[in-house]
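Start at 1 and go down the list; that is how both ligands and their atoms are numbered.
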Amino acid sequence: MKKYLYSREYKKTNTIIDIKGTKIGGKKIIVIAGPCTVDNISYILETAKGIKDSGARFLRGGAFKPRTSPYSFQGLGEKGLQILAKARKETNLPVVSEVMDTKDVKLVEKYVDIIQIGARNMQNFSLLKTVGKIKKPVLLKRGLSATLKEFLMSAEYIMKEGNKNIILCERGIRTFVEYTRNTLDLSIIPVLKKETHLPVIVDPSHATGRKDLIISMSKAAIAAGADGLMIEVHPNPKKAISDKDQTLNLTQFKELMKEIKPVAEAIGRNL
Ligand code: PEP
Ligand code: MN
């Protein structure tokens, strides 16, 4: 039988991705936070400083946005990446941002520390092959209706091209349930940890679509073995360009960091 590059048969020990000294997949739970969409420098700086004070390790923000409607704001593009780079310079927080098109991979790679492949592009095979050839780590989000096998095979596409630094992200799947935006598939966390040596993180923001559920689902994700979280945060969520309803403000984010700490410690990990 073929030993897939992602598998525990191929590599027994956990892959730990070291980004300027911050290790993803090790003992520490890594939290990535920031707005859905990069809007302006003052909000991004305020976010970066606030999340850093509370213990986040990475700043996130979309400059190329996969919006459901073509009439919705599509992102600031390179200007958005420049804003993120400025915030990184001021705060020393590494940044994560999404790439949607093969033609933009080089550009996004130049500005970010981790390149994100969004749920809608999980099976965009030419995009996967292209990011497989770059040096920066890839945060691969699970597709809206992707099976475990499909998710892992998308990671395999990237790894086959040479890039072995992949972070898998569970972000909720489509079900019949209507009280949340998606359904957080918590059980995929231990299953992924068994099947693959790659780090696994959880995005409770897109999984629930509801800010009142973010803290409890973050705790559950950590208890289930996730290596990190990705949380949408904005200093004034009402003014956020996208995903207002699932976006925490800086005070709520601070509370989240306080609440997840004892859960991490209970399972022998820390923040
Ligand atoms: C995002 O993280 O910015 C995003 C668009 O999420 P997803 O691809 O999971 O919908
Ligand atoms: Mn979003």
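Between the side chain of E150 and the backbone N or O of T147 there is at least one donor-acceptor pair closer than 3.5 Å. Looking at S97, its side chain does come within 3.5 Å of a backbone N or O of G61 through a donor-acceptor pair.
With rounding to the nearest 0.5 Å, the separation of CD1 in I16 from CG in D227 is 9.0 Å.
For K28, the side chain to side chain contact (heavy atoms under 4.5 Å, CB included) partners are I30, R57, N270, not counting sequence neighbours. Annotation: salt bridge (charged side-chain N to carboxylate O under 4.0 Å, His left out) contacts of E161 (sequence neighbours excluded): K133.
Placement of L93 and V95 within a single hydrophobic cluster is found when ILVMFWY residues are connected by side-chain heavy-atom separations under 4.5 Å, directly or transitively.
When all heavy atoms are compared, the tightest approach of N121 to M100 is ND2-O, 3.5 Å.
N14 and R8 are linked by a side-chain donor-acceptor pair at a separation below 3.5 angstrom, with hydrogens and angles left out of the test.
Protein-derived N/O/S atoms nearer than 2.8 Å to the Mn ion (ligand 2) total 4, waters excluded.
Ring pair Y43/H234: centre-to-centre distance below 6.0 Å.
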Exercise answer, ligand 1 polar atom pairs (N/O) under 3.5 angstrom:
unit_1	atom_1	unit_2	atom_2	d
ligand 1	2 (O)	R60	NH1	2.7
ligand 1	2 (O)	Q116	NE2	3.0
ligand 1	2 (O)	K141	NZ	2.8
ligand 1	3 (O)	R60	NH1	3.4
ligand 1	3 (O)	R60	NH2	2.8
ligand 1	3 (O)	K65	NZ	3.1
ligand 1	6 (O)	K141	NZ	3.0
ligand 1	8 (O)	A119	N	2.8
ligand 1	9 (O)	K141	NZ	2.9
ligand 1	9 (O)	R171	NE	2.6
ligand 1	10 (O)	R120	NH1	2.8
ligand 1	10 (O)	R171	NH2	2.8

